[in-house]
Amino acid sequence: MSELPLAGITVVSVEQAVAAPFATRQLADLGARVIKVERPGGGDFARRYDTAVLGESSYFVWLNRSKESLTLDLKSARGREVLEQLLSGADVFVQNLAPGAAARLGLAPGELATRFPSLVPCSITGFGSTGPWADRKAYDLLVQCQTGLVSLTGTPEAGARVGVSVADIAAGMYAYTGILTALYTRATTGAVRPVEVSLFEALAEWMNQPAYYTRYSGAQPQRLGTQHATIAPYGAFAAADGKQVLFSVQNEREWAALCEVAFQRPELVDDPRFATSSARVAHREEVNEVVAAWCGGHSSAELARLLDAANIANVGVNDVQEFLDHPVLEGRDRWREVGTPGGPVPALLPPADLGGVTPRMDPVPAVGEHTERILADLGRTPSEIEALRADGVI
């Protein structure tokens, strides 16, 4: 195996919850040394979101493999001294502290640039470090609500939260790519660029299509469950055996194939109510009546066969267990094993495959598991480490 691409890069992260840990885990996957700074005692509060994974939090196990855990009280002078020593040898510093906390600790990007000119700082905030909402706390559902995502998700009767932490995940993804870009810029030009990502602006990027549609059509897309606001037919329909089959028509060629090959009703191809995408959306109820009647006359297996014959993309609607057992994950060998404090568990490989590179899949750390080793590497003696522990600094 070739050396991992980020080997030699050291990341120090004062992180919690989802967004920052997701960004730094992706760096760790590719070989960066990630030192996760946690509170003495409980550590990252995401450790206690649940106990589903052999006594560990499902969030924490997902987000924190291949990291080193150091407990450190950053409100104490000696704790900040240790952090300063770590930062002097680091390439990247990541934090998603509460609004104003980084500045109070002397960890704002401008201050870091003065003391550590080669360090790439990355701040993950709720609504940005400036502006009218800079002092507001944020969490995923709040941001889903503020970007309008909840108004688009759900049924006509009620909006709904997206079932995974999309604002946090989006922010973590953009932080990761921003850090990589900043490291590349530093390597090629010598310039050090601070990175900032807010949960709100990360999810706002994902809202651009409905935003454009709303701005220029005068009405926002409707909430339609599994159906699509601007494409028809598109959604899950019940087969005769009660199972749900999801499929969509993306263009007029597919509509013609659906009518001729699957429905065996070629007269619908040029029916003015259905002939174009806009017409089908305008006559959605009539389209859905045709589709629902056809689906209800066939088993789910028969529907899949007919839709495949018409070259229309289709799938069954999986639950989470069916996803876990998915033949693509098995057939493409996507599962690996990682250690956790409670024992080994399966984990998915990172989605981006780099030719000749095997991602690192090291264990999820216990709280403070690497504290003594890290401090010893910084030159602290056993008696000094014990004194720090006795005083609650670590």
Atom pairs and distances, donor-acceptor, side-chain atoms in residues 33-45, under 3.5 Å, two or more places apart:
unit_1, atom_1, unit_2, atom_2, d
Arg33, NE, Glu68, OE1, 3.4
Arg33, NE, Glu68, OE2, 2.8
Arg33, NH2, Glu68, OE1, 3.0
Lys36, NZ, Glu15, OE2, 2.7
Lys36, NZ, Asp44, OD2, 3.0
Lys36, NZ, Asn64, OD1, 2.9
Glu38, OE1, Asp44, N, 2.7
Glu38, OE1, Arg47, NE, 2.9
Glu38, OE2, Arg47, NH2, 2.8
Glu38, OE2, Ser69, OG, 2.6
Arg39, NH1, Gln16, OE1, 3.4
Arg39, NH2, Gln16, OE1, 2.8
Asp44, OD1, Ala17, N, 3.1
Asp44, OD1, Ala46, N, 2.8

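Checking side-chain atoms of Thr226 against main-chain N and O of Ala236 turns up a donor-acceptor pair under 3.5 Å. For Asn314 (side chain) and Ile312 (main-chain N/O), a donor-acceptor pair under 3.5 Å exists by modelled atom type. No donor-acceptor distance shorter than 3.5 angstrom exists from the side chain of Ser129 to the backbone of Thr125, with no hydrogens or angles considered. Using a distance-only test at 3.5 Å, with no hydrogens or angles considered, a donor-acceptor pair links the side chain of Asp319 to the main chain of Gln321. A distance-only check finds no donor-acceptor pair linking the side chain of Glu201 to the backbone of Val197 [under 3.5 Å]. Under the 3.5 Å distance criterion, the side-chain polar atoms of Asp91 are matched with a main-chain donor or acceptor of Thr10. For Thr340 (side chain) and Gly342 (main-chain N/O), a donor-acceptor pair under 3.5 Å exists by modelled atom type. Remark: the backbone N or O of Ala202 is not paired with any side-chain donor or acceptor of Glu205 at under 3.5 angstrom. Judged by distance alone, with hydrogens and angles left aside, the side-chain atoms of Arg25 form a donor-acceptor pair with the main-chain N or O of Trp62 at under 3.5 Å. With Gln264 contributing its side chain and Glu260 its backbone, the two residues share a donor-acceptor pair below 3.5 Å.
Around CD of Gln85, the count of heavy atoms belonging to other residues, nucleotides or ligands within 6.0 Å exceeds 12. At most 12 non-hydrogen atoms from other residues, nucleotides or ligands lie less than 6.0 angstrom from CD of Glu285. More than 12 heavy atoms of other residues, nucleotides or ligands sit less than 6.0 Å from atom CZ of Phe274. Open room surrounds CG on Asn311; 12 or fewer heavy atoms of other groups in view lie less than 6.0 Å from it. Environment of CD in Glu330: sparse, with no more than 12 heavy atoms of neighbouring residues, nucleotides or ligands closer than 6.0 Å. More than 12 heavy atoms of other residues, nucleotides or ligands sit less than 6.0 Å from atom CG of Asp391.
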Could you walk me through whether Ile231 and Val249 pass the side chain to side chain contact (heavy atoms under 4.5 Å, CB included) test, one step at a time?
-> CA-CA 7 Å; Ile231 302 173; Val249 167; 5.7 Å; no
Quick one: do Leu27 and Leu180 satisfy side chain to side chain contact (heavy atoms under 4.5 Å, CB included)? Show the steps, please.
-> CA-CA 9 Å; Leu27 297 169; Leu180 292 179; 4.0 Å; yes
Verify side-chain hydrogen bond (donor to acceptor under 3.5 Å, both in side chains) between Gln95 and Ser13, making sure each step is shown before the conclusion.
-> CA-CA 6 Å; Gln95 64 85 15; Ser13 189; over 6 Å; no
Test log, rule side chain to side chain contact (heavy atoms under 4.5 Å, CB included), inputs Val338 and Arg65 | CA-CA 7 Å; Val338 300; Arg65 65 177 179 241; 4.1 Å; yes
Assess whether salt bridge (charged side-chain N to carboxylate O under 4.0 Å, His left out) is satisfied between Asp353 and Arg332, documenting all intermediate values.
-> CA-CA 12 Å; Asp353 291 331; Arg332 284 178 49 77; 3.7 Å; yes
Begin from the C-alpha positions of Thr24 and Gln26 and carry the test side-chain hydrogen bond (donor to acceptor under 3.5 Å, both in side chains) through to its verdict.
-> CA-CA 5 Å; Thr24 59; Gln26 294 174 89; over 6 Å; no
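A salt bridge links Arg115 with Glu84; the closest basic N to acidic carboxylate O contact falls under 4.0 Å. Checked for salt-bridge contact, Asp377 and Arg380 miss the test: no charged N lies under 4.0 Å from a carboxylate O. Under a 4.0 Å N-O distance rule, the pair Arg273/Asp271 qualifies as a salt bridge. Between Lys75 and Asp73 no salt bridge is recorded (no basic side-chain N to carboxylate O distance below 4.0 Å).
Contact check for Arg265 versus Val290: side-chain heavy atoms found under the 4.5 Å cut-off. Between Leu199 and Asp140 there is no side-chain heavy-atom pair separated by less than 4.5 Å. At a threshold of 4.5 Å between non-hydrogen side-chain atoms, the residues Asn288 and Gln227 count as touching.
Ring-plane geometry between Phe237 and Phe247 is classed as tilted, the angle between the planes lying from 30 to 60 degrees on a 0 to 90 degree scale.
In this structure, a donor-acceptor pair under 3.5 Å is present between the side chains of Ser58 and Asp50.
Summarising the geometry of Val166 relative to Val162, their closest heavy-atom pair is CG1-CG1, 3.7 Å, with the distance given to 0.1 Å. Closest heavy-atom contact between Asp333 and Leu349: O-CD1, 3.8 Å. Nearest approach of Pro194 to Pro109, heavy atoms of both residues: CB-CB, 4.3 Å. Looking at every heavy atom in both residues, Leu152 comes nearest to Gln220 through CD2-NE2, 3.7 Å.
Under a hydrophobic-cluster definition in which Ile, Leu, Val, Met, Phe, Trp and Tyr are linked whenever side-chain heavy atoms come within less than 4.5 Å, directly or via other members, Leu258 and Leu303 are assigned to the same cluster. Tracing side-chain contacts under 4.5 Å through hydrophobic residues (I, L, V, M, F, W, Y), one reaches Ile124 starting from Val195; they form part of the same cluster. The same ILVMFWY cluster, assembled from side-chain heavy atoms under 4.5 Å apart, contains both Leu119 and Leu107. Linking Ile, Leu, Val, Met, Phe, Trp and Tyr residues whenever their side-chain heavy atoms come within less than 4.5 Å places Val18 and Leu149 in a single cluster.
Checked against Arg280 for a salt bridge (charged side-chain N to carboxylate O under 4.0 Å, His left out), the options Glu286, Glu254, Glu252 give a single hit: Glu252. If you run side-chain contact (heavy atoms from CB on, under 4.5 Å) between Gln209 and each of Tyr212, Trp206, Tyr213, only Tyr213 comes through.
For the atom pair CG (Leu83) and CZ (Arg78), the distance works out to 15.5 Å, reported to the nearest 0.5 Å.
Sorted pairs that involve residues 305-345 and meet ring-ring contact (aromatic ring centres under 6.0 Å, His included), not counting sequence neighbours, are lacking altogether.
Glu157 meets the side chain to side chain contact (heavy atoms under 4.5 Å, CB included) test with Thr155; sequence neighbours excluded. By the ring-ring contact (aromatic ring centres under 6.0 Å, His included) test, Trp133 is found to be paired with Phe127, residues two or more places apart in sequence or in another chain being considered. Remark: Gln222 pairs with no residue by the side-chain hydrogen bond (donor to acceptor under 3.5 Å, both in side chains) rule, at least two apart or across chains. Remark: Trp294 pairs with Phe263, His298 by the ring-ring contact (aromatic ring centres under 6.0 Å, His included) rule, at least two apart or across chains.
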